[in-house]
Amino acid sequence: MVRATMAILAAVLVSLTASRAAEPSPSHWADLRAKARGETVYFYAWGGEPRINAYIGWAADQVAAKYGITLKQVKVDDTASVVSRVLAEKAAGQTTGGAIDLIWINGENFAAMKREGLLLKKGWADKLPAWKYVDVAGKPTVLNDFTVPTDGLEAPWGMAQLVFVHDTARLENPPRALAALLDWAKANPGRFTYPQPPDFHGTTFLKQALYAVAPDRSALSEPVTDESFAAASTPLFDYLDALHPVLWRSGRAFPQNSAAMMQLLADGETEIAFNFNPAAASNAIANGELPETVRTYVLDGGTIGNTHFVAIPFNANAPAGAMVVADFLMSPEAQARKQDPNVWGDPTVLAVDTLAADDKARFDALDLGIATLTPAELGRTLPELHPSWTTRLEQAWSARYGVE
C-alpha cells in the first residue's frame, strides 16, 4: 500500500515537472509565440485619452497581423479598481483563467500587486527579446517603479515628466517655482487650477508641491510614517490653503483630469496647465486643440518624472499572448510610433542611439513639435515619492477639502 502510494506520488511529481518544463517562457520565444497564436489578450488600460486609445487600436491590428493575437482594450478610469479585481479573484481561489491579461500600471498600484503576490512569476519582462533595446543605463526608472524594484515583473512602456503649459500670447513669462506660482495666482485670481486627486495629475501636483516645501526631501523616498507625513504635509496644506481661494472657481470645484485642465487653457479660462507627457502641447497644437503660440516649460530645480509599464496578473488567462504584446509594445516600431506627437507623443524607453540604423531612422524622422522641450531643456528629473505617500496624500486632501 505504501509502495503504491509512493509510486503514485512520484508519477504525479514527474508529470508536474514535465508540465512546468514544457511551459513556454521568454527564454523559449518560439514556443511562447506558438502558444500565443489564437489567444485573446484583455488589456486593462486607462481610457481617458482618445489618441492613446487609437494607438492601442493600432497595436491591436499589428499583433493580430504579426502574431495571430486578438488584443482587446478594456478602458478603465482608475487602475486601483483593476488591482482590486485581481485581489478578489485571488481571494476566491481563482488561480487560472483570470479576467485580466495585461494591465497598464505603475506607482502605488504596482507596489500593491507586488506586495500581495498578484503578478506573474518573477523575471519575465527582462527576458523579452525587445528588452535589449531598453535604456537601462540612461533611464534607471525602468528598473525602479516609484522607488520599488520592478524585478522583471513589469515591462517598461513609456516615459513621463511633468511639464507646464502656457500660451505665450497671453502669458509670456510664467512662474517657474511653486512659491512664484502662488504669488502669480494671488495677482491673477481664477486663472490657475489643478485636477482633483486622486486623478494622477492632481496627485502629482501635490507631490511636486511637497518637493518645494518639505523640510526633509529624503523622507519622501522612504515609506511614509505618521511623523514624516505630519512634518511634510503641514507646510503643504499651508501652501494649498493659501492657493485654493485664488484658484479657478475659488477652489470650490476642480477639473477631473488633465484633459479637462488643458481644455480650460484652450478656452481661455485659465493661463497655465500641466501634463505628464512632454509632447502633450505639441500634440494638441497638431490636432488644432491649442493655438500655435502655446509652449511648454519646467520649474526651476526640476519636475517629477517616471516610467509607466505593462504587467501581467498571476492568474492571467493568456499569459503567453500578454508577453508577446508586451514585447511588441517595447519594439522600435511601436515605440517610434508612440513618440510621434501626431499619434501620442509619449517618450520612448529605448536607447535610441544604440539601435540599428533603420530603427534609429524611425526616431530621427520624427518632428517632435514646436512646443516640445529637448532632453536638455527638460532639465533635472525629480524621482517619484515612495508609493505609500500617494494614498496618504489623497486621503488627507479629500478629508481636508472634501470636494465632490
Side-chain angles (χ1 to χ4, degrees), residues 42-48 74-96 98-126 141-158 160 195-204 206-207 210 219-226 228-229 232-233 257 276 304-317 319 322-323 326 383-399:
Y42 288 91
F43 183 17
Y44 281 61
W46 179 65
V74 180
K75 300 180 179 69
V76 298
D77 295 324
D78 184 3
T79 307
S81 64
V82 184
V83 177
S84 297
R85 181 166 183 173
V86 180
L87 184 61
E89 289 179 348
K90 183 179 182 182
Q94 187 175 355
T95 58
T96 60
I100 302 160
D101 298 302
L102 196 65
I103 307 173
W104 183 11
I105 196 170
N106 71 355
E108 71 276 12
N109 292 309
F110 169 71
M113 294 196 78
K114 183 179 182 183
R115 182 178 63 250
E116 299 297 330
L118 303 180
L119 296 167
L120 199 65
K121 62 185 179 181
K122 183 176 179 179
W124 63 269
D126 53 1
T141 54
V142 300
L143 297 176
N144 291 282
D145 188 346
F146 285 54
T147 76
V148 177
T150 59
D151 292 330
L153 294 169
E154 54 182 358
W157 189 19
Q196 178 178 329
D199 172 81
F200 66 92
H201 282 93
T203 301
T204 299
L206 302 184
K207 291 188 281 189
L210 262 186
L220 304 179
S221 63
E222 301 293 333
V224 68
T225 65
D226 290 342
S228 64
F229 188 76
S233 64
N257 51 44
F276 236 138
I304 291 174
N306 62 45
T307 300
H308 56 92
F309 302 80
V310 294
I312 304 173
F314 79 102
N315 63 345
N317 185 60
M323 287 186 195
E384 280 283 1
L385 280 60
H386 188 276
S388 58
W389 283 84
T390 299
T391 302
R392 288 292 293 271
L393 281 171
E394 292 170 348
Q395 291 174 343
W397 191 95
S398 296

Rounded to the nearest 0.5 Å, how far does CG of Leu220 lie from OG of Ser388?
10.0 Å
Quick one: salt bridge (Lys or Arg N to Asp or Glu O under 4.0 Å) partners of Glu154, sequence neighbours excluded?
none
Contacts of Val76 meeting side chain to side chain contact (heavy atoms under 4.5 Å, CB included) (sequence neighbours excluded), chain-then-number -> Tyr44, Val82
On the 0 to 90° scale, with breaks at 30° and 60°, tag the Phe200-Trp46 ring pair as parallel, tilted or perpendicular.
perpendicular
Below 4.5 Å, heavy atoms only, C-beta onward: do Leu119 and Pro313 meet side chain to side chain?
no
Can a donor-acceptor pair be found, under 3.5 Å and without considering hydrogens, that links the side chain of Lys121 to the backbone of Leu153?
no
Step by step, would you call Phe276 with Thr204 a side-chain contact (heavy atoms from CB on, under 4.5 Å)?
CA-CA 9 Å; Phe276 236 138; Thr204 299; 3.3 Å; yes
Quick one: list whatever passes ring pair (Phe, Tyr, Trp, His ring centres under 6.0 Å) with Phe314, sequence neighbours left out.
none
Checking side-chain contact (heavy atoms from CB on, under 4.5 Å) for the pair Ile103/Val310: CA distance, chi angles, key distance, verdict?
CA-CA 5 Å; Ile103 307 173; Val310 294; over 6 Å; no
Thr225 side chain vs Ser228 backbone, donor-acceptor pair below 3.5 Å
yes
Kindly indicate whether the side chain of Leu102, heavy atoms from C-beta on, has any atom under 4.5 Å from the side chain of Tyr42.
no
Can a donor-acceptor pair be found, under 3.5 Å and without considering hydrogens, that links the side chain of Thr150 to the backbone of Leu143?
yes
For the residue pair Asn106 and Phe146, establish whether any side-chain heavy-atom pair is separated by less than 4.5 Å.
yes
Is the backbone of Ala322 close enough, under 3.5 Å, to the side chain of Asp101 for a donor and an acceptor to pair up by distance?
no
With side-chain contact (heavy atoms from CB on, under 4.5 Å) as the criterion, how do Leu393 and Phe229 come out once you've worked through the C-alpha distance, each side chain's angles and the decisive distance to 0.1 Å?
CA-CA 9 Å; Leu393 281 171; Phe229 188 76; 3.9 Å; yes
Nearest heavy-atom contact between Lys90 and Gly117 is NZ-O, 3.7 Å
Side chain proximity check, Leu120 to Met323, heavy atoms < 4.5 angstrom
yes
Short question: side chain of Ser81, backbone of Asp78 - any donor-acceptor pair under 3.5 Å?
yes
So, using salt bridge (Lys or Arg N to Asp or Glu O under 4.0 Å) as the criterion, who are the partners of Lys207 when residues are at least two apart?
Glu384
Qualifying residues under side chain to side chain contact (heavy atoms under 4.5 Å, CB included), relative to Pro197, sequence neighbours excluded
Tyr194, Thr203, Leu206, Glu394, Trp397
Looking only at non-hydrogen atoms, find the nearest pair between Ala111 and Val148 and report the distance.
CB-CG2, 4.2 Å
Side chain proximity check, Pro383 to Thr147, heavy atoms < 4.5 angstrom
no
Taking CZ in Phe43 as the centre, count heavy atoms belonging to other residues, nucleotides or ligands within less than 6.0 Å. Is the count above 12?
yes
Give a yes or no answer on whether the side chain of Thr79 reaches the backbone of Ile105 with a donor-acceptor pair at less than 3.5 Å.
no
Would you give the length of the straight line joining atom CD of Gln395 to atom OG1 of Thr391, rounded to the nearest 0.5 angstrom?
6.0 Å
Using side-chain contact (heavy atoms from CB on, under 4.5 Å), reason through Gln196 and Asn257 one step at a time and then give a plain yes or no.
CA-CA 7 Å; Gln196 178 178 329; Asn257 51 44; over 6 Å; no
Tell me which pairs pass salt bridge (Lys or Arg N to Asp or Glu O under 4.0 Å) where either residue lies in residues 142-152, with sequence neighbours left out.
Lys114-Asp151
Any heavy-atom pair between the side chains of Thr390 and Leu385 that's under 4.5 Å?
no
So, Glu89 versus Asn315: side-chain donor-acceptor pair below 3.5 Å or not?
yes
